[in-house]
Amino acid sequence: MNSALEFHQVTRRFQRNFALQLASFRVPTGSITALLGPNGAGKSTALKIALNLLKPSVGKALTLGTDSRKLGPDQLKRIGYVAEGMELPLWMSIDQFLAWCRPLYPTWDPELEASLRKQFALPGERKLKQLSRGQRMKTALIAALAYRPELLILDEPFSGLDPLVRDEFIHGLLELAGSEGFTVVLSSHDLEETARLADHLVFLNHGHVHLDESTDSLLARHRRVEILLPESFGELPKLPAEWLAPETSGRVLRFTDVRHDPTRFAENIGRLFPGCPSPDIHPLNLRELFTTRTTAGKFDAGA
Ligand SMILES: Nc1ncnc2c1ncn2[C@@H]1O[C@H](COP(=O)(O)OP(=O)(O)OP(=O)(O)O)[C@@H](O)[C@H]1O
């Protein structure tokens, strides 16, 4: 499968601080990929490297097939970027700002611009400095979307947007991504939004990539399990390594199976707990999955 973005063992240092450490991940072409992770995980640094706003200290990033250090105006016209707190010409009105952007991009689509403006209901004559954070974000989004970029890079796109607009925005983004086939990579803390949007997830923590996997496969291989042990049950046997964070409460054994395979699971249950009633097995949502794994301290790549 092609990648719109590839990181190969990228390290980025700021003096003695490592923002990224040997980070490798990919953003499949046509995907909506979310970079997830706590504050300071390295998400913004990775996105800036992808855009050549920062250079890797070591390693290499390929953006639309080009070494990020060599990205020039031609490649950058195929990429849209919106970041929270990005610099905008605040003295311009929305109308002036979009009029200024239009000629910069040969692929600018006035109809798409008009429909996004309608969707976001922005006051065209108002100056950017007089807008709310959310309105400014929406203006920047219009400017990034109207030229139909092949790759759209969004750093914390939801901050400052009220829930209604967020929903509209997500809906619009999904529709556009689907119809245009462009790739989106976004950084977010917001798992709810991410679950609705992203089909590929990259989890970063302290500059390390701990996960690079499709949302479907990640959700498919995690299960919350509860087993009712027999009354006479003594000490627990050695449990498979993929049964994460086992805990007992009375006769109930709970754990998260992080490599759920129904056949192997049934074999393990039959071997370790013969005669037990069928376990309760539940899928996890993304929030539960990340909370369980972060709490258990087990977010190793591939685990
Ligand atoms: N210009 C800089 N100078 C020094 N340190 C920096 C710089 N930019 C980022 N860092 C450090 O690199 C680490 C990663 O920062 P980064 O902004 O990439 O994280 P993030 O995951 O985007 O965080 P957040 O979710 O809070 O935005 C942090 O420890 C941060 O302090």
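When a ligand or atom number is given, it counts from 1 through the structure's own listing order.
- Below 4.0 Å from some heavy atom of P38 lie the following atoms of ligand 1, by number and element: 21 (O).
- Proximity annotation for atom 18 (O) of ligand 1: of N39, N17, T45, T45 comes nearest, heavy atoms only.
- Between W243 and F273, the ring-plane angle classifies as parallel under the 30° and 60° cut-offs.
- Using a cutoff of 4.0 Å between basic side-chain nitrogens and carboxylate oxygens, K60 and E6 are not scored as salt-bridged.
- Between R223 and D257 there is no salt bridge, since none of the side-chain N atoms of the basic residue sits less than 4.0 Å from a carboxylate O of the acidic one.
- The shortest N or O to N or O distance between A41 and ligand 1 is below 3.5 Å.
- A cation-pi geometry, defined here as NZ or CZ lying under 6.0 Å from the six-membered ring centre and within 45° of its normal, holds between R12 and F14.
- Counting only heavy atoms of the protein, atom 23 (O) of ligand 1 lies nearest to G40 N, 2.8 Å.
- Here the shortest heavy-atom distance to atom 27 (O) of ligand 1, taken over A83, A19, S44, belongs to S44.
- With respect to atom 1 (N) of ligand 1, the closest heavy atom belonging to the protein is F14 CE2, 3.5 Å.
- The ring-ring contact (aromatic ring centres under 6.0 Å, His included) analysis of residues 20-58, with sequence neighbours excluded, yields the pairs F7-F25.
- When hydrogens are left out, the protein atom nearest atom 19 (O) of ligand 1 is G42 N, 3.2 Å; that is the closest non-hydrogen contact.
- Partner of Y147 under the side-chain contact (heavy atoms from CB on, under 4.5 Å) criterion, chosen from T107, L112, I79, D109: T107.
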